Amino acid sequence: MLKKDISLFVLILVIGVVTAYLNPRFVSPINVSNTANLIGLFGLYSIGAGFVIITGGIDLSVGSLFALLGVVFIDLLTNHQLNWGVALLLMVLAGMAIGAIHAFLILRMRVQPFIVTLCGLLLYRGIARWYTGDSTAGFEFGQSFPSLEWLTTGRTYGVPHSFVMFILVAVIMGVVLHRSVFGRYLCAVGKNEEAARYSGIPTGRVVAAAYIIASGLAGLSAVYFVMYTRSVSPASHGNFYELYGIAAAVLGGCSLRGGEGSIFGIVLGAILLQILQNLVNLLGIPSSLNFAVMGAVILIGVLADQQFSVYRNWLGGRRRDAELARSAAKESGS
């Protein structure tokens with residue numbers, strides 16, 4: 001994974017240098033700060049998407065989950081005057097509960113992750129639209145939450161707190177994935193679930209934990225997006241955001257076949273995506289091509305992953321053949 005991460009880091013540097021040369025505004029403090037804010041917003045839930053992908057699963061419901069939890073969060077603060085800390089905790093717990101439901105349907109009811117989360121995509125947005133009467137939910141005029149705004153949209157020395165939270169979560173999840181037994185189990189389940197089960201790994205619990213972590217991070221991200229937009233239109237809020245998470249994870253080296261991935265790679269993938277989005281805006285490319293750029297990036301990432309896998313298998317075969325040849329030569333010599 002280290003080689004992939006280095007290659008991605010070099011690619012980010014090259015794109016950054018080229019973009020800065022074509023438009024010096026790219027390296028202006030305000031543009032760097034705004035880009036870092038978007039990296040934090042979209043990168044936060046991309047880490048959860050990466051955990052699910054490492055298990056060989058997928059989560060398509062994230063964008064609709066943002067809409068549902070977003071309108072509920074606003075309602076709790078504006079209509080029920082609930083303490084913002086309690087409301088934030090409830091959103092994270094609600095996300096984790098939804099992740100547990102996904103895991104139950106996938107593991108116990110044997111429904112494919114694609115189907116479960118696709119149904120979630122439709123269901124959660126439909127509930128959000130019903131909850132608000134298909135109208136936009138927002139904060140009341142003059143309503144302010146200084147501590148919550150400082151935590152979510154505030155900046156310290158120009159560094160957005162959303163980016164700080166993203167890095168903090170990335171460090172914690174990096175320890176979980178790369179320095180814990182659970183992380184090793186996660187990769188083993190994604191690589192070969194049946195073999196992992198025969199090895200004594202509680203595969204069901206591992207997969208369930210991945211979905212719970214992913215949806216919990218989505219619940220946290222929902223709060224950050226609400227405070228960023230200040231309103232939620234349930235029909236459009238979070239549309240296609242799940243694709244950003246999947247794209248960041250795939251670009252960061254998470255194989256859609258499962259069993260591979262790194263937190264550092266996901267961080268780099270989230271950075272690259274937002275740099276590409278920023279490049280589209282700064283170079284005057286029509287914003288309607290944003291999704292085309294993202295689709296092309298996902299395709300290139302998948303193709304690169306496939307070619308890397310083919311090369312690795314070919315190299316492994318060559319090494320095995322060489323070892324067999326040396327063993328045969330030793331036996332014939334003796």
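These figures come from a predicted structure and were not determined experimentally.
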**Request:** Verify the distance criterion only: is there a donor paired with an acceptor across the side chains of Thr117 and Asp59 at less than 3.5 Å?
**Result:**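 Absent: no donor and acceptor within the cut-off.
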**Asked** Side chains of Asp75 and Tyr131: do they bring a donor and an acceptor to under 3.5 Å?
**Response**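 Short answer, yes.
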Kindly work out whether a path of hydrophobic side-chain contacts (I/L/V/M/F/W/Y, heavy atoms less than 4.5 Å apart) joins [X] to [Y].
X	Y	result
Ile6	Ile12	yes
Leu151	Leu89	yes
Ile263	Val175	no
Val10	Val267	yes
Val32	Leu22	no

Roughly how far, to the nearest 0.5 Å, is [atom2] of [Y] from [atom1] of [X]?
X	Y	atom1	atom2	value
Ser61	Tyr124	OG	OH	5.5 Å
Leu88	Leu82	CG	CG	11.0 Å
Phe9	Leu268	CZ	CG	7.5 Å
Ile106	Tyr211	CD1	OH	3.5 Å
Thr35	Leu282	OG1	CG	7.5 Å
Leu279	Leu272	CG	CG	10.0 Å

Might you confirm whether atom [atom1] of [X] has over 12 heavy atoms from other residues, nucleotides or ligands at distances under 6.0 Å?
X	atom1	answer
Arg25	CZ	no
Phe145	CZ	yes
Arg197	CZ	yes
Gln112	CD	no

**Item:** Distance flag, aromatic centroids of Phe225 and Phe42, threshold under 6.0 Å
**Value:**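 Yes, they do, as the ring centres are separated by less than 6.0 Å.
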**Message:** Would you call the rings of Tyr241 and Phe66 parallel, tilted or perpendicular, taking 30° and 60° as the class edges?
**Reply:**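 Rings of Tyr241 and Phe66: perpendicular, over 60°.
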If only atom types and distance count, is the side chain of [X] paired as donor or acceptor with the main-chain N or O of [Y] below 3.5 Å?
X	Y	answer
Ser28	Pro24	no
Asn281	Gln277	yes
Glu242	Gly63	yes
Thr153	Tyr228	no
Arg125	His237	yes
Ser215	Ile212	no
Ser255	Glu260	no
Thr156	Val159	no
Thr55	Val52	yes
Thr229	Ser231	yes

Might you point out which heavy atoms bring [X] and [Y] nearest each other, and give the distance in Å?
X	Y	result
Phe51	Phe182	CE2-CE2, 4.0 Å
Phe166	Leu44	CD1-N, 3.7 Å
Leu41	Ser221	O-OG, 4.5 Å
His178	Gly261	CE1-O, 3.8 Å
Val71	Pro234	CG1-CB, 4.5 Å
Ile47	Ala170	CD1-CA, 3.6 Å

**Request:** List the steps and the verdict of side chain to side chain contact (heavy atoms under 4.5 Å, CB included) for Asn83 and Leu77.
**Result:** CA-CA 7 Å; Asn83 177 271; Leu77 293 184; over 6 Å; no
**Val72/Met91 under side chain to side chain contact (heavy atoms under 4.5 Å, CB included): CA gap, chis, key distance, verdict** = CA-CA 8 Å; Val72 172; Met91 293 305 97; 3.8 Å; yes
**Message:** Leu122 vs Cys119, test: side chain to side chain contact (heavy atoms under 4.5 Å, CB included). Steps then yes/no.
**Reply:** CA-CA 5 Å; Leu122 301 172; Cys119 291; 5.9 Å; no
**Message:** Could you walk me through whether Thr19 and Ile15 satisfy the side chain to side chain contact (heavy atoms under 4.5 Å, CB included) test, starting with their C-alpha distance in whole Å, then the side-chain angles of each, then the deciding distance to 0.1 Å, before giving a yes or no?
**Reply:** CA-CA 6 Å; Thr19 306; Ile15 293 177; 3.9 Å; yes
**Item:** Heavy-atom check, side chain of Arg230 versus side chain of Glu149, under 4.5 Å
**Value:**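 A side-chain contact exists here, since the closest heavy-atom pair is under 4.5 Å.
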**Prompt:** Can you find a pair of side-chain heavy atoms, one from Leu60 and one from Ile246, that are under 4.5 Å apart?
**Reply:**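 Sidechains of Ile246 and Leu60: in contact.
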